2 protein chains.
Amino acid sequence: MTLGNLNNYKETLIYGVVLAVLLVLLRWLELRFLIITHAFEIYAAAIAVLFTGLGIWLALKLSKPKIQTQIIEKVIEVPQQPQFVFNKQAVSKFGLSCRELEVLQLMSEGLSNQEIADHLFLSLPTIKTHGSRLFEKLEVRRRTQAVELGKKLAIIR
Amino acid sequence: MTLGNLNNYKETLIYGVVLAVLLVLLRWLELRFLIITHAFEIYAAAIAVLFTGLGIWLALKLSKPKIQTQIIEKVIEVPQQPQFVFNKQAVSKFGLSCRELEVLQLMSEGLSNQEIADHLFLSLPTIKTHGSRLFEKLEVRRRTQAVELGKKLAIIR
DNA sequence: AATCAATTCATACTTTAGTATGAATGGTTT
DNA sequence: AAACCATTCATACTAAAGTATGAATTGATT
């Protein structure tokens with residue numbers, strides 16, 4: 001709490017005035033009940049209670065909010081789309097040639113050997129040999145397995 | 001809450017001093033105007049100050065901390081792999097049966113018809129008929145095409 | 001009870017896939 | 001120049017895939 005803050009000043013002044021008024025009141029009461037001397041303890045107790053309440057009120061009014069920081073971690077999912085990153089390493093690891101890779105790609109698109117041959121302007125036997133070497137290098141037995149592995153290795157899309 | 005953080009204590013003290021000064025001022029005014037002084041009033045004032053302090057202390061001690069929530073957004077990249085959402089609609093659209101779908105799934109994993117038969121404890125001809133009907137329904141000619149379409153339609157993973 | 005769809009199996013057949021082997025060409029490396 | 005690799009093509013063969021047709025069974029529906 002900054003004591004210098006205007007509001008607090010105001011409140012302090014108000015408090016002072018209230019205090020003065022209270023004291024005057026007490027004085028008045030004292031004069032009024034001057035005779036009753038035994039009431040002193042009660043009077044003191046009343047003052048104690050009154051000013052305890054005043055203190056509590058002051059404290060609550062003037063004290064700074066006690067900050068209890070609550071950190072809430074908000075999870076933001078970053079939807080990283082599975083972009084195709086061509087895996088050169090896998091290709092060189094298996095020693096695949098360009099044509100073999102090309103044939104594998106077309107195989108994965110569901111083309112028959114004949115269709116691949118037509119597409120690449122090659123003969124059917126050529127595609128077959130490419131296929132065979134491909135399977136040998138990838139250590140698979142069928143084109144479906146080759147396609148599966150090729151997609152897993154990200155050497156075809 | 002930290003009981004009376006130093007700053008609050010300090011401010012409370014300052015308040016006490018101010019209060020004391022005010023009281024002294026009043027007292028001085030009282031003396032100045034030749035009003036009869038009673039030790040009782042000083043006593044009452046002391047009680048007042050004391051219990052005001054007690055009230056402040058009590059308030060600080062017992063008041064609940066005012067919670068100020070501070071939300072900190074923490075970006076957490078969740079590597080959400082493209083989750084497979086099975087496409088029921090496509091299946092019903094093409095009128096595929098359970099077995100046909102099952103066979104297609106195994107085809108996509110690179111299994112031969114014989115291997116699929118072994119896996120499902122069926123005969124080779126059964127797998128072939130499932131395959132044929134599958135291709136007919138999907139309007140494809142080869143298993144590789146069926147697998148491609150199946151993955152595109154999200155009816156197999 | 002009859003019908004229908006799904007499932008299973010079989011047999012016979014055609015087509016495609018895949019293997020084995022050999023060979024020719026062109027470019028690169030040693 | 002020789003060796004090597006990638007590429008191409010061919011032939012002959014085996015294996016697998018796919019088609020056509022028919023039939024039996026089962027569970028659900030009409």
Side-chain angles (χ1 to χ4, degrees), chain A residues 86-153 155-156, chain B residues 86-153 155-156:
Chain A
F86 184 74
N87 189 354
K88 272 189 182 177
Q89 295 182 347
V91 176
S92 61
K93 182 184 174 186
F94 286 92
L96 301 183
S97 69
C98 288
R99 276 307 204 196
E100 284 159 2
L101 210 61
E102 214 170 352
V103 168
L104 179 58
Q105 177 61 48
L106 293 173
M107 279 180 175
S108 80
E109 292 170 17
L111 301 192
S112 68
N113 286 338
Q114 185 59 63
E115 286 168 342
I116 295 172
D118 295 344
H119 192 274
L120 297 178
F121 303 106
L122 297 176
S123 71
L124 179 59
T126 302
I127 303 305
K128 285 190 175 184
T129 53
H130 283 320
S132 281
R133 263 196 277 271
L134 188 60
F135 302 155
E136 195 179 358
K137 287 176 180 177
L138 292 179
E139 292 179 298
V140 296
R141 292 176 159 273
R142 279 172 289 283
R143 54 172 58 210
T144 46
Q145 289 178 337
V147 169
E148 242 248 306
L149 184 58
K151 289 196 172 180
K152 201 176 286 176
L153 293 175
I155 60 179
I156 53 172
Chain B
F86 185 74
N87 189 355
K88 272 189 182 177
Q89 295 182 347
V91 177
S92 60
K93 182 183 174 187
F94 287 92
L96 300 184
S97 70
C98 287
R99 275 308 204 195
E100 285 159 1
L101 210 61
E102 214 169 353
V103 169
L104 179 58
Q105 176 61 49
L106 294 174
M107 279 181 175
S108 78
E109 293 170 17
L111 300 194
S112 68
N113 286 338
Q114 186 58 63
E115 287 167 342
I116 295 172
D118 294 343
H119 192 273
L120 298 178
F121 303 104
L122 297 174
S123 70
L124 180 58
T126 303
I127 303 303
K128 286 189 174 185
T129 53
H130 284 320
S132 282
R133 263 197 276 271
L134 187 60
F135 302 154
E136 195 180 0
K137 288 175 178 177
L138 292 179
E139 293 178 299
V140 297
R141 292 176 159 272
R142 280 170 289 284
R143 56 174 55 211
T144 48
Q145 289 179 336
V147 168
E148 242 250 305
L149 183 59
K151 289 196 172 179
K152 199 176 288 176
L153 294 174
I155 59 179
I156 53 173

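Only this structure's heavy atoms are used, side chains among them; waters, hydrogens and symmetry mates stay out. Here is the naming used below: chain letters follow the sequence lines, and residue numbers restart at 1 for every chain. A quick note: this is a predicted structure, and the numbers were derived from the prediction, not measured.
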Return yes if some donor-acceptor pair links the side-chain N/O of Ser92(A) with the main-chain N/O of Gly95(A) below 3.5 Å, else return no.
no
What is the distance from CZ of Phe94(A) to C1' of dC5(D), rounded to the nearest Å?
20 Å
Taking only side-chain nitrogens and oxygens of His130(A), does any of them come within less than 4.0 Å of OP1 or OP2 of dT8(D)?
yes
Between atom CD in Gln114(A) and atom C1' in dG18(C), what is the gap in whole Å?
15 Å
When you get a sec, tell me which of dG18(C), dG18(D), dA6(C) is the closest nucleotide to the side chain of Met107(A)?
dG18(C)
Ser112(A) has a side chain; which of dA17(C), dT21(D), dG18(C) sits nearest to it?
dA17(C)
Take atom CG of Leu101(B) and atom P of dA6(C), then tell me their distance rounded to the nearest Å.
13 Å
Are OP1 or OP2 of dA17(D) and a side-chain N or O of Asn113(B) less than 4.0 angstrom apart?
yes
Residue Thr129(A), side-chain atoms from C-beta onward, closest of dT19(D), dT7(D), dC9(D)
dC9(D)
Does any donor atom in the side chain of Ser123(B) or Thr126(B) lie under 3.5 Å from an acceptor atom in the other side chain?
yes
How close or far is atom C1' of dG18(D) from atom CD of Gln145(B), stated in whole angstroms?
12 Å
Does any part of the side chain of Phe86(B), heavy atoms only, come nearer than 4.5 Å to the side chain of Ile156(B), both counted from C-beta?
no
5′-ward residue of the pair Thr126(B)/Leu96(B) relative to DNA chain C:
Leu96(B)
Within this structure, what is the CZ-to-P distance between Arg133(A) and dC5(D), rounded to whole angstrom?
12 Å
Among the candidates dT19(D), dC9(C), dT7(D), find the nucleotide nearest to the side-chain atoms of Ser97(A).
dT7(D)
Taking only the side-chain nitrogens and oxygens of Arg141(B), find out if one of them lies under 4.0 Å from OP1 or OP2 of dG18(D).
no
Are the charged groups of Arg133(B) and Glu136(B) less than 4.0 angstrom apart, N to O?
no
For Asp118(B) and dA16(D), what is the distance between atoms CG and P respectively, to the nearest whole Å?
11 Å
Could you state the CD-P distance from Glu100(A) to dT8(D), rounded to the nearest angstrom?
10 Å
Any side-chain N or O of Arg143(B) less than 4.0 Å from the OP1 or OP2 oxygen of dA17(D)?
yes
Rounded distance (Å) that lies between atom C1' of dA6(D) and atom CG of Leu120(A):
15 Å
Return no unless some side-chain N or O of Ser132(A) is found under 4.0 Å from OP1 or OP2 of dG18(C).
no
Within a strict 4.5 Å, meaning less than it, do heavy atoms of the Leu120(B) and Val103(B) side chains meet?
yes
Among dA10(D), dG18(D), dG18(C), find the nucleotide with the atom closest to the side chain of Phe135(B).
dG18(D)
Side chain to side chain contact (heavy atoms under 4.5 Å, CB included) between Arg143(A) and Thr144(B), intermediate numbers included
CA-CA 8 Å; Arg143(A) 54 172 58 210; Thr144(B) 48; 3.7 Å; yes
Regarding the side chain of Ser123(A), the nearest nucleotide among dA17(D), dC9(D), dA17(C) is dC9(D)
Look at the side chain of Leu122(B) and decide which nucleotide, out of dG18(C), dG18(D), dC9(C), has an atom nearest to it.
dC9(C)
Find which nucleotide of DNA chain C each of Cys98(B) and Arg142(B) is nearest to by heavy atoms, and output the residue with the more 5' nucleotide.
Cys98(B)
